[in-house]
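Position 1 is the first residue of the sequence; numbering continues from there. Remember, it's 1-based here, ligands and their atoms both numbered in the order they're listed. Quick caveat, the model's predicted, so the values are computed rather than measured.
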Amino acid sequence: MTDTHTTPPKSARSDLRFIIIGAGMSGILSAIKLREAGLDFAIYEKADRLGGTWRENTYAGITCDVPSHFYSFSFALNPDWSRQFSPGAEIQTYFEDVAQRYKIAEEIQFGKEVTGAAFENGRWQIELSDGSTDVGDFLIAATGVLHHPAYPAIEGLDEFEGPTFHSARWHHDVSLAGKRVGLIGTGSTAIQITSAVIDEVQGLSVFQRTAQWIMPVPNADFSNEERAEFRRNPESMQTLRDQVNRSFTDGFANVLGDAESPIIRAIHDACEANLENSVKDPELREKLRPNYRAACKRLIMSGDFYDAIQRPNASLVTERIERAEKSGLRTQDGTLHELDVLILATGFRVDQFVRPMQVRGRSGVLLDEAWRQGPFAYMSMMVPEFPNFFMLNGPNSPVGNFSLIEVAELQFEYVLRVVDQVRSGTCREISPSREAMERFDAERRKAAETTIWNTGCNSWYLDAEGLPTAWPFTFDRFREEMGRPCLEDHDLR
Ligand code: NAP
């Protein structure tokens, strides 16, 4: 196919229009930043409420395991966080509050799902679920990573007679009090659910396929005095955010690419000591001991899981699930685990990104087609032949145990710098060149080999070939790259 549109003459542009898809954290960020830059935008949200992952995940015990003052917009610090690691509902309220304060909430078009986007005649033509259309010069996919629940393929799951639901589709009308509850999974979600429900259930059977390393992280309340001080002296909040940012960068994100780093080894030792010191029964301790290195899977932060799983009403089931039956789950050793409620904390399909939306780039090429071998993005955001298109927290972004708000803010700096090329009239269309994409991807793949994620465990960080997909370089390099886009790597038309 050939590109049929003729490029109009280039001149400075003051009429650029942006289409933002999604009103979660990164959609709200985009709207705020575009308004600040004096740029016009429309923001579409398929649900009836903003908040993205924090709107959708309302499971018992939901907490963000990134410190709250770091999991905040840098420009909207919040003196009122209740704890070091705040509960999900508080984070949802924070985003709603920020969207109100920055007058973004009133711009969001709710109940409108973008079903298709095509780059035609130099602009993005958008189709929405209600049959309406829109047009923009730039398309920003702020559609999230952990968005599409993954359901386990367990035989007979429909036959189980009790309520069954995914952690991201929590059934608040189902009381767990006094019930025999089955929980499948031992990821960050299941660990939080375990600690949250153990006191109210009659019995909790945690079905563990793979053991997890757990960092002991206490979750202290901020006292009234501390919060008053944050309000009186916002500088102190800024200092705290900077400190946490630096320690997460140096003490974690910068070293993930080097599996042999002493810091990674120290994290492993801390997790191992936590297991040794916290779990008394040697048999249970061995069941909980992973056979891979700490931080290979996403590291779990919890100060109370080991306590919860040692309660008399908790049981850790390590036998494989064979099938579901009317009254519970049968494991391969023949045991029927009788249950009243079944919770699937089985994670998300992380290779979807903007899909199922159909995105067509130059000459009608489908993103699905470009991603036939799996999703990729130049510098974690852009795809060749998809001009003026950005994904926030998209493929190859730094996603592990870090503030995705910080990631999205840095990515947006890049977006604005690239947009400047169009704004100033240097070009009308910008996308990474194929050569730059290939170079970036080859370097990324090579670097992925030495990451801690590639040391012999299975996780959602891996692609279909088993190679880690997340940003494998240091986080400092990510900051640098976001701060200075290399124009030579882009195809400007
Ligand atoms: P996850 O980390 O993908 O964990 C899914 C769990 O389900 C794993 O233990 C997995 O076992 C198990 N599982 C999946 N299919 C199964 C099957 N068919 N049979 C038995 N077990 C099965 O999902 P998640 O816990 O929802 O967490 C996903 C991500 O969300 C996290 O990594 C994190 O990025 C984010 N999150 C963040 C927070 C936070 O506080 N910031 C909290 C929760 C979640 P295997 O390990 O064997 O695959």
Considering heavy atoms of the protein only, find what lies nearest to [atom] and give residue, atom and distance to 0.1 Å.
atom                    : result
atom 19 (N) of ligand 1 : R209 NH1, 3.8 Å
atom 36 (N) of ligand 1 : S188 CB, 4.1 Å
atom 25 (O) of ligand 1 : T189 N, 3.0 Å
atom 41 (N) of ligand 1 : D65 OD1, 2.9 Å
atom 28 (C) of ligand 1 : W460 NE1, 3.9 Å
atom 46 (O) of ligand 1 : K297 NZ, 2.5 Å
atom 21 (N) of ligand 1 : I184 CG2, 3.6 Å
atom 31 (C) of ligand 1 : R298 CD, 3.5 Å

Which atoms from ligand 1 have a heavy atom of [X] less than 4.0 Å away?
X    : value
P152 : 17 (C), 18 (N)
Y59  : 42 (C), 43 (C)
F348 : 26 (O)
G185 : 6 (C), 7 (O), 9 (O), 12 (C)

Using distance alone, decide if ligand 1 has a nitrogen or oxygen within less than 3.5 Å of any nitrogen or oxygen in [X].
X    : result
T186 : yes
Q212 : no
A345 : yes
N458 : no

From OH (Y59) to CH2 (W170), nearest 0.5 Å: 9.5 Å
Report yes or no: does R349 contribute a side-chain atom to a donor-acceptor pair with the main-chain N or O of H148 at less than 3.5 Å? no
Do [X] and [Y] have side-chain N/O donor and acceptor atoms under 3.5 Å apart?
X    : Y    : result
N245 : E406 : yes
E96  : Q92  : yes
R285 : S278 : no

Any side-chain heavy-atom pair from [X] and [Y] closer than 4.5 angstrom?
X    : Y    : value
T346 : H166 : yes
R265 : R293 : yes
I140 : L392 : yes

With a heavy-atom distance limit of 4.0 Å, tell me whether [X] approaches ligand 1 through its side chain, its backbone, both, or neither.
X    : value
F207 : neither
L146 : side chain
M301 : neither
S167 : neither
T63  : backbone
Q208 : neither

Checking heavy-atom distances from atom 47 (O) of ligand 1 to each of T210, V350, I193, the winner is T210
Between [X] and [Y], does the ring centre distance come in under 6.0 Å?
X    : Y    : value
Y102 : F73  : no
H337 : F207 : yes
F475 : F402 : yes
Y71  : Y94  : no

Can you confirm if the NZ or CZ of R227 lies within 45° of the ring axis of F230 and under 6.0 Å from the centre of its six-membered ring? no
Quickly, which of E319, E325, E322, E155 forms a side chain to side chain donor-acceptor pair (under 3.5 Å) with R330? Name it, please. E325
Is Q192 close enough to touch ligand 1? Criterion: a residue heavy atom under 4.0 Å from a ligand atom. yes
